[in-house]
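See structure below.
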Amino acid sequence: TAPMVASGIPHGFMGTQSWQQPGTRLDGGQRFDAPFATHSGRHSAPMPPMSMPPAGVMQQPPLMAAGHGEDGSLQGVVDALWPALRGAIEQDVLRNGLEPKLAAKVPGLRFGSISLGDRPPQMSFSRISMSSQDSNLNLAFDIGFRPGSSINISVGLGPIRATLCELTFFGRLCVCAVGVTPRLPVVPGLKIFFSSLPELTFSFGGVAAALPFSPEKLQGFVKQVIGDHMVLPHSLNVHIDTIVRNFHRADFLDYHVLHSPAPSGILHVSVRSVEGLSSPQALVDAYAATPAGREGSSRPLSDPAVYCVLRVGADKRTTESCGRGCKQHHVLGWPGEEFGFMVDSVVEQDLQIELALEDRDSMLVRCDRTLAKGFTPLLLLKDQLRPNVPIRVPLAFPMTSQDGSHHTPIVMLTGFFAPLTSQPLATPDGVSWVLQVTVDCAIGLSAQCEGRKFHVRARLTGGAGMGSTMEAARSHSKLAGRNEVAKARLLNASLEGLRWSEVKDRIKLLRDRGARLSP
């Protein structure tokens with residue numbers, strides 16, 4: 001695709017850190033993002049002091065009581081469809097989809113019984129927005145699931161089994177109608193995704209103490225699988241124009257418009273400090289005084305190490321662990337580490353922040369513990385984040401001071417948001433370039449490759465000052481197989497399956513749009 005310009009960036013990307021920035025997509029809309037700079041330097045215009053409206057901590061949205069959905073309402077539809085949806089989730093998502101991925105992370109881990117119960121999820125409409133630039137209609141829904149004692153899910157490792165109790169799940173599900181146009185079908189394509197990583201909690205019952213990992217570790221595995229498939233930039237894509245065979249229309253929805261939309265911009269952010277905490281020990285002691293800390297308390301730590309996790313969608317960045325070195329500076333923070341995130345939706349996405357305690361004791365499966373977490377909408381950061389003026393983001397859990405007063409830890413953020421545009425700018429000063437490459441498929445492999453896993457690497461070579469060849473991005477591993485291209489494109493029918501008249505219409509449309517046809 002055409003290179004896009006990140007305008008208004010105070011400094012360039014040059015250096016080793018630049019190649020570790022935004023995330024990847026592969027195979028039917030997965031993305032390689034390899035940012036690089038054409039200019040270095042910093043704006044000299046003074047930045048006015050900025051204040052930020054209070055950001056929210058991770059809190060569950062209010063849920064309706066089960067069964068309150070009336071016929072014809074959104075919740076009524078969910079209630080009616082739940083028996084069928086439950087069966088599909090239990091078999092196709094959990095048993096066939098999630099179980100093999102969990103076994104790949106912990107060999108031998110498997111599900112025992114799987115029953116989500118008869119209490120349906122609660123779903124409420126959140127907001128609607130229309131993008132005039134690309135004619136996309138976005139619908140956002142808040143989803144909450146608290147099945148209570150009606151669920152029957154267990155996990156096993158060898159002869160050991162543990163049941164899942166007190167399961168809760170909530171997140172924001174978005175349905176994007178892509179390319180809304182005044183003809184039938186009015187919506188030529190759909191994208192279904194979670195804007196940010198959903199919250200998932202549960203506890204273990206039974207002989208859970210014999211398992212080599214905690215519930216938090218299994219929660220992390222499950223959330224990672226969800227993030228790799230349904231959290232931006234990943235999504236479930238339905239190409240409706242292909243389903244209704246609209247190949248002859250001049251406004252046929254291009255596949256890359258649905259599968260690989262251009263991101264909105266790049267967020268650069270640093271965690272300068274955590275207000276009110278002078279060391280990792282202070283954070284651990286404050287957490288130990290909370291109900292969650294007392295419930296999961298263990299032996300005292302002589303030299304705890306904590307780190308910060310930042311997320312935008314499925315993209316995750318982690319700071320270095322902060323241990324004894326923080327005591328010398330009398331502040332808990334990582335001012336020297338800057339991270340870059342590709343932002344797919346400024347309106348829907350959040351910057352999620354976690355402070356985690358590093359697990360240095362587990363021998364088999366390391367399980368770091370989240371001590372505090374919070375979030376701030378990217379819509380606020382877009383306008384208020386500055387390189388040299390920190391803004392405040394509160395985290396969840398109250399700390400008790402020596403005088404008995406309560407307060408919450410505050411993360412101090414610095415950075416900036418750089419919007420992307422595909423239009424040439426009049427003045428190239430202070431501009432960095434982002435090259436977006438989408439890998440659709442790899443063809444021409446030999447028969448011996450079937451069933452084997454492959455990944456694609458993108459490398460940058462040459463260029464002044466870049467030195468030797470360096471890897472810019474790497475895709476996820478995928479299985480090679482016959483007839484996998486159409487499957488990867490998600491409802492993109494191959495030409496071999498069409499009538500000859502439709503093939504001619506499609507080829508003519510591609511040629512009219514400037515495509516070069518091979519013999």
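Centroid-to-centroid, the aromatic rings of H239 and Y255 come within less than 6.0 Å.
Note that CD1 of I353 is 7.0 Å distant from OG1 of T376, once rounded to the nearest 0.5 Å. Note that the CG atom of L236 and the CZ atom of F194 stand 11.0 Å from one another [nearest 0.5 Å]. To the nearest 0.5 Å, the span separating CG on L173 from CZ on F193 amounts to 8.5 Å. Separating the NE2 atom in H455 from the OG atom in S477 is a distance of 6.0 Å, to the nearest 0.5 Å. One distance of note links CG of L116 with CG of L94; it measures 6.0 Å at 0.5 Å rounding. L218 contributes atom CG, which lies 11.0 Å from atom NZ of K223 (distance to the nearest 0.5 angstrom).
Heavy-atom minimum distance, L395 versus G374: CD2-N, 3.6 Å. The two atoms that bring V274 and P409 nearest to each other are CG1-CB, 4.1 Å, heavy atoms only. Closest non-hydrogen pair, P121 versus Q75, comes out as O-NE2, 2.9 Å. Here the shortest heavy-atom pairing between A314 and P233 reads CB-CD, 4.4 Å. Of all heavy-atom pairs spanning E337 and S270, the tightest one is O-OG, 3.0 Å. Closest non-hydrogen pair, L378 versus S345, comes out as CD1-O, 4.4 Å.
Between the D241 side chain and the L253 main chain, a donor and an acceptor come within less than 3.5 Å of each other. Remark: the backbone N or O of G340 is paired with a side-chain donor or acceptor of R317 at under 3.5 angstrom. The closest donor-acceptor contact from the side chain of E358 to the backbone of P304 lies at 3.5 Å or more, if one exists at all. A distance-only check finds a donor-acceptor pair linking the side chain of W334 to the backbone of E320 [under 3.5 Å]. Judged by distance alone, with hydrogens and angles left aside, the side-chain atoms of Q122 form a donor-acceptor pair with the main-chain N or O of P120 at under 3.5 Å. T319 places a side-chain N or O within 3.5 Å of a backbone atom of C308 that can act as its donor or acceptor partner. A donor-acceptor distance shorter than 3.5 angstrom exists from the side chain of S264 to the backbone of D344, with no hydrogens or angles considered.
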Just do the side chain to side chain contact (heavy atoms under 4.5 Å, CB included) check on I266 and M342 with the steps written out, would you? CA-CA 5 Å; I266 306 174; M342 280 289 184; 4.0 Å; yes
Under the criterion side chain to side chain contact (heavy atoms under 4.5 Å, CB included), I'd like the reasoning laid out for V180 against N136: C-alpha separation, chi angles, the key distance, then a yes or no. CA-CA 6 Å; V180 176; N136 290 350; over 6 Å; no
Trace of the side chain to side chain contact (heavy atoms under 4.5 Å, CB included) decision for N237 with L190: CA-CA 6 Å; N237 303 315; L190 284 176; over 6 Å; no
For side chain to side chain contact (heavy atoms under 4.5 Å, CB included), just list the numbers for V222 and L200, CA-CA rounded to whole Å, side-chain angles, deciding distance to a tenth of an Å, and then say yes or no. CA-CA 8 Å; V222 176; L200 172 69; 3.6 Å; yes
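Look at E338 and R272 and you find no salt bridge, because none of the NZ, NE, NH1 or NH2 atoms lies under 4.0 Å from a carboxylate O. Under a 4.0 Å N-O distance rule, the pair R127/D142 does not qualify as a salt bridge. Ionic pairing of E354 and R311 is present here: one or more N-O contacts between side-chain nitrogen and carboxylate oxygen are shorter than 4.0 angstrom.
Partner of F417 under the side-chain contact (heavy atoms from CB on, under 4.5 Å) criterion, chosen from H268, Q384, K382, R386: K382.
Within the 4.5 Å cutoff, no side-chain heavy atoms of S126 are placed close to those of F141. Between S195 and D350, every side-chain heavy-atom pair lies at or beyond the 4.5 Å cut-off. Side-chain contact between F170 and I143 is absent, with no heavy atoms from C-beta onward closer than 4.5 Å. Under the 4.5 Å side-chain criterion, counting only non-hydrogen atoms from C-beta, I128 is not in contact with N138. Contact annotation: the side chain of E199 approaches that of K373 to within less than 4.5 Å [non-hydrogen atoms, C-beta and beyond]. Annotation: side chain of R392 is not in contact with side chain of V411 (no heavy-atom distance under 4.5 Å). Side-chain contact between L355 and V306 is absent, with no heavy atoms from C-beta onward closer than 4.5 Å. Looking at heavy atoms from C-beta onward, V393 lies out of side-chain contact with M412 at the 4.5 angstrom threshold.
Counting heavy atoms of neighbouring residues, nucleotides and ligands inside a 6.0 Å radius, atom CD of E216 exceeds 12 of them. Heavy atoms from other residues, nucleotides or ligands lying under 6.0 Å from NZ of K316 number 12 at most.
For the residue pair Q349 and S196, no side-chain donor N or O sits within less than 3.5 Å of a side-chain acceptor on the partner.
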